[in-house]
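Note: hydrogens, waters and symmetry copies are ignored here, and every other heavy atom, side chains too, is used. Protein chains get the first letters and strands the later ones, always in sequence-line order, with residue 1 at the start of each.
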Amino acid sequence: MPLAATTKVGDSYEETIVENLSRTQIVQYAGASGDYNPIHTDEVFATQVAGYPTVFAHGMLTMGMTGKMLTNYVGDGRLTYYGVRFVRQVWPGDTLVARAEVSAVRTEDGATLADLVITTTNDKGEVVMTGDATARIG
Amino acid sequence: MTIERFPVEASHILMFARSIGDTNPIYEDAVYAKGTEVGSIIAPPTFAQSSAQFDPDYFLRPKPGQAWFGSAREATGIKREKKDGESSGAAAGGLHAEQHFTFHRHVRPGDVLSGTTKPGKNWEKEGKRSGKLMFSETITEYRDQNGELVITARGVGVRTERVIEQ
């Protein structure tokens, strides 16, 4: 069910967007998106050359998975804007929860729009990504 | 960067949706999609990022006959001296700091997009964990086969002085 025009400020929704993120899912995202940066999929390169503790997910994978929560909440084809800031790396094994809260409901060019504030958090309680979105709700 | 031709295909949308763990039938089932408000399969919101597949020179894709910086026999295929104070993040092309999409409409299979990227602002900030942070912005306009603006994407990349340890 898409978000209805009765939506009000403070309404919120959250979803676990990934449990125990696998290296294979990161590989899947590399293949689908075309971003083969070895820092995301190549343990030898990531640790020995780049100096990271292990590989880490593409920021865009976190944005994509958080987008799933968002479209589940607002409905398909309803987003007019979705933007994020990557705050912290996402590592294999992470479980992420994405949350959206309605910050404004307004009218623009005859359409009712909801503005949302987005936060994606890992299982240590650290924020890994923040963002904003706007969706047409009526 | 210019993407001359980015044909949007149902199989690519399916693969992309799978990679983000999204099982919504709107991304794979044309019969289901026809009965919805949207009316057809659409692409997930962040799908435009996979335009990299259609950039012939995209530097984060290995190409036949060219050295690749990922591991093979050695930990990296490219031997290159690091400049003083340069981080490995820089060697890997920097990190992604922000991404914003404005949707003028949602992309569907059969669309043929083109993308034109222009540089945006550049700025610097002092980071707690990473030393000096150097940000640079790019704006990409995706247009469809009729020249209509479909998605405006704004990306911000960051290069750091030091590897960010956690």
For chain A, the option from B:Ile151, B:Asn24, B:Ile42 that forms the most heavy-atom pairs under 4.5 Å: B:Asn24
Side chain / backbone / both / neither for B:His100 at chain A, heavy atoms under 4.5 Å: both
Options B:Gln99, B:Arg154, B:Met15, ranked by heavy-atom pairs under 4.5 Å with chain A, top entry: B:Gln99
Region of A:Gln25 in contact with chain B, defined by heavy-atom distances below 4.5 Å: both
Part of A:Thr71 within contact of chain B (heavy atom distance under 4.5 Å): side chain
Which portion of A:Val84 sits near chain B, non-hydrogen atoms under 4.5 angstrom: both
Steps toward side chain to side chain contact (heavy atoms under 4.5 Å, CB included) verdict (A:Thr62, A:Val128): CA-CA 9 Å; A:Thr62 305; A:Val128 296; 4.3 Å; yes
B:Lys63 (side chain) donor-acceptor with B:Tyr58 (main chain) under 3.5 angstrom: yes
Lys/Arg N to Asp/Glu carboxylate O, B:Glu37 vs A:Arg78, below 4.0 Å: yes
Best-contacting candidate, A:Gln28, A:Glu43, A:Gln48, A:Met60, against chain B by heavy atom pairs under 4.5 angstrom: A:Met60
Under 3.5 Å side-chain donor-acceptor pair for A:Arg99 and A:Ser12: yes
Region of A:Asp42 that comes under 4.5 Å of a non-hydrogen atom in chain B: side chain
Among the listed options B:His104, B:Gln49, B:Arg61, the residue most often paired with chain A at heavy-atom distances under 4.5 Å: B:Gln49
Close side-chain approach of A:Asn72 to A:Met69, heavy-atom, < 4.5 Å: no
Proximal component of B:Phe54, with respect to chain A [non-hydrogen, under 4.5 Å]: neither
Region of B:His96 that comes under 4.5 Å of a non-hydrogen atom in chain A: both
Contact leader toward chain A among B:Gly21, B:Ala43, B:Ala52, B:Ala17, where contacts are heavy-atom pairs under 4.5 Å: B:Gly21
Check: A:Arg23/A:Thr54 side-chain N/O donor and acceptor closer than 3.5 Å: yes
Side chain, backbone, both or neither of B:Arg18 within contact of chain A (heavy atoms, under 4.5 Å): both
Side chain, backbone, both or neither of B:Pro44 within contact of chain A (heavy atoms, under 4.5 Å): neither
Salt-bridge present (B:Asp111, B:Arg108; N to O < 4.0 Å): no
Sub-6.0 Å ring centroid separation between A:Phe56 and A:His40: yes
Carboxylate-amine/guanidinium contact B:Arg105 B:Glu148, below 4.0 Å: no
